[in-house]
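One structure is given below, encoded as structure tokens.
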Amino acid sequence: MESLRPSDLEEETGLRSEYLQSLRLIERLHRLLLDVIKNEFDRMGWSDINSVQALLLYNIGSAELTAGELKSRGYYLGSNVSYNLKKLVDGGYIDHKRSNTDRRSVRISLTQKGQDACDVVEQLYQRQLGSIEAVGELNEDQFGELNRSLGRLERFWSDMIRFQL
């Protein structure tokens, strides 16, 4: 199989070109989202939390769950979750306690400080929603189609792993 090199993009056409462009966009968009979140926290003077940790807090929200449940939702890799959860516990953003039913399992939830950080991300998203249509020229139907396409790509990749295709 041919190598998928970025330098060959100018020569690419058709499905391969669109697929490679989508892969680069997905990667860049994730990095940009983290930069947008970091910028928001920097602007507010929060220096003890990074954007990955802020997004982790947002994804936990009001739930009480285990690190394993976070991983199974597909948000994070194992070592990434463990490292960031430890930092967030040490920083006072997350509370953890042993499960009553399974003493090996640790349940986590946000402290008030963690909820405050979660609220910063929520307010950022709300502010973006106020201008995404006018400035970003993206509407609900376009996001719906984008979400359906990304969902199909996620299922395709999951099947590639699950069935070793």
Side-chain angles (χ1 to χ4, degrees), residues 4 6 9 15 17-97 106-158 160-161:
L4 304 177
L9 272 181
L15 179 60
S17 174
E18 294 298 329
Y19 179 67
L20 294 177
Q21 178 66 16
S22 294
L23 296 180
R24 278 192 309 286
L25 277 171
I26 290 167
E27 185 179 0
R28 274 198 331 252
L29 285 170
H30 178 67
R31 277 189 262 121
L32 274 171
L33 172 62
L34 294 176
D35 287 346
V36 166
I37 292 170
K38 179 186 183 316
N39 184 54
E40 185 73 5
F41 277 85
D42 287 350
R43 194 175 60 73
M44 298 180 73
W46 290 43
S47 59
D48 65 334
I49 184 172
N50 67 39
S51 55
V52 170
Q53 292 164 348
L55 197 53
L56 178 60
L57 292 171
Y58 182 79
N59 286 325
I60 293 170
S62 61
E64 181 180 289
L65 39 89
T66 66
E69 288 169 328
L70 272 175
K71 288 184 279 188
S72 69
R73 291 180 182 184
Y75 291 136
Y76 306 96
L77 299 174
S79 61
N80 189 5
V81 172
S82 299
Y83 171 82
N84 283 306
L85 287 177
K86 181 181 181 336
K87 288 291 193 181
L88 291 167
V89 167
D90 292 346
Y93 291 93
I94 289 181
D95 187 29
H96 61 61
K97 61 182 177 182
V106 176
R107 310 276 313 156
I108 58 171
S109 60
L110 301 187
T111 62
Q112 184 56 55
K113 187 176 179 182
Q115 187 57 55
D116 292 345
C118 181
D119 292 345
V120 170
V121 176
E122 176 61 28
Q123 290 165 9
L124 169 65
Y125 289 171
Q126 287 301 319
R127 201 169 64 244
Q128 291 175 348
L129 281 169
S131 62
I132 194 110
E133 222 169 341
V135 177
E137 299 179 3
L138 292 163
N139 63 36
E140 184 178 352
D141 291 340
Q142 290 167 315
F143 275 111
E145 183 57 36
L146 174 64
N147 291 337
R148 285 186 290 280
S149 295
L150 290 172
R152 288 191 297 269
L153 182 58
E154 180 183 30
R155 280 189 302 278
F156 173 74
W157 285 345
S158 294
M160 295 288 294
I161 294 166

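Residue indices begin at 1 and follow the sequence shown.
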Exercise for review: Just do the side-chain contact (heavy atoms from CB on, under 4.5 Å) check on Asn139 and Phe143 with the steps written out, would you?
Suggested key: CA-CA 6 Å; Asn139 63 36; Phe143 275 111; over 6 Å; no

Check your understanding: Distance-only, no hydrogens or angles: does the Glu145 side chain make a donor-acceptor pair with backbone N or O of Gln142 under 3.5 Å?
Key ->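 No, Glu145 side chain to Gln142 backbone: no donor-acceptor pair under 3.5 Å.
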
**Study point:** Heavy-atom pair of closest approach, residues Phe41 and Ala54
**Key:**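 Minimum heavy-atom separation between Phe41 and Ala54: CE1-CB, 3.5 Å.
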
Check your understanding: Which pair of non-hydrogen atoms, one from Cys118 and one from Gly61, has the smallest distance, and what is that distance?
Key -> SG-CA, 4.2 Å

So how far is it from [X] [atom1] to [Y] [atom2], rounded to the nearest 0.5 Å?
{"X": "Leu55", "Y": "Asn84", "atom1": "CG", "atom2": "CG", "result": "10.5 Å"}
{"X": "Arg107", "Y": "Glu64", "atom1": "CZ", "atom2": "CD", "result": "5.0 Å"}
{"X": "Ser51", "Y": "Leu56", "atom1": "OG", "atom2": "CG", "result": "11.5 Å"}
{"X": "Leu57", "Y": "Tyr93", "atom1": "CG", "atom2": "OH", "result": "8.0 Å"}
{"X": "Ile108", "Y": "Leu65", "atom1": "CD1", "atom2": "CG", "result": "5.0 Å"}
{"X": "Arg127", "Y": "Glu122", "atom1": "CZ", "atom2": "CD", "result": "11.5 Å"}

What I'd like to find out is whether the side chain of [X] reaches to under 4.5 Å of the side chain of [Y], using heavy atoms alone.
{"X": "Glu133", "Y": "Glu137", "answer": "no"}
{"X": "Asp42", "Y": "Trp46", "answer": "no"}
{"X": "Leu153", "Y": "Ile26", "answer": "yes"}
{"X": "Thr111", "Y": "Ile94", "answer": "no"}

Practice item. Please lay out, stage by stage, how Glu18 and Arg24 fare under the test salt bridge (charged side-chain N to carboxylate O under 4.0 Å, His left out). Key: CA-CA 10 Å; Glu18 294 298 329; Arg24 278 192 309 286; over 6 Å; no

Exercise for review: For Asp95 and Leu110, run side-chain contact (heavy atoms from CB on, under 4.5 Å): C-alpha distance rounded to whole Å, both residues' side-chain angles, the deciding distance at 0.1 Å, then the answer.
Suggested key: CA-CA 6 Å; Asp95 187 29; Leu110 301 187; over 6 Å; no

Check your understanding: For residues 28-37, which residue pairs qualify under side-chain hydrogen bond (donor to acceptor under 3.5 Å, both in side chains), counting only residues two or more places apart or in two chains?
Key -> Glu27-Arg31

Exercise for review: Test side-chain contact (heavy atoms from CB on, under 4.5 Å) on Val36 and Gln128 and set out the steps.
Suggested key: CA-CA 11 Å; Val36 166; Gln128 291 175 348; 3.4 Å; yes

Got more than 12 heavy atoms from elsewhere within 6.0 Å of [atom1], [X]?
{"X": "Glu154", "atom1": "CD", "answer": "no"}
{"X": "Lys38", "atom1": "NZ", "answer": "no"}
{"X": "Glu140", "atom1": "CD", "answer": "no"}

**Study point:** Full working for side-chain contact (heavy atoms from CB on, under 4.5 Å) between Val120 and Ile37
**Key:** CA-CA 9 Å; Val120 170; Ile37 292 170; over 6 Å; no

Review point. Please walk me through it: do Asp116 and Gln112 pass side-chain hydrogen bond (donor to acceptor under 3.5 Å, both in side chains)?
Key: CA-CA 6 Å; Asp116 292 345; Gln112 184 56 55; 2.8 Å; yes

Review point. Quick one: do Asp48 and Lys113 make a salt bridge, cutoff under 4.0 Å?
Key: yes

Review point. So Tyr19 and Trp157, would you call those rings parallel, tilted or perpendicular, with 30° and 60° as cut-offs?
Key: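 The rings of Tyr19 and Trp157 stand perpendicular, inter-plane angle above 60°.
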
Exercise for review: Show your working on side-chain hydrogen bond (donor to acceptor under 3.5 Å, both in side chains) between Ser149 and Arg152 and close with a plain yes or no.
Suggested key: CA-CA 5 Å; Ser149 295; Arg152 288 191 297 269; 3.3 Å; yes

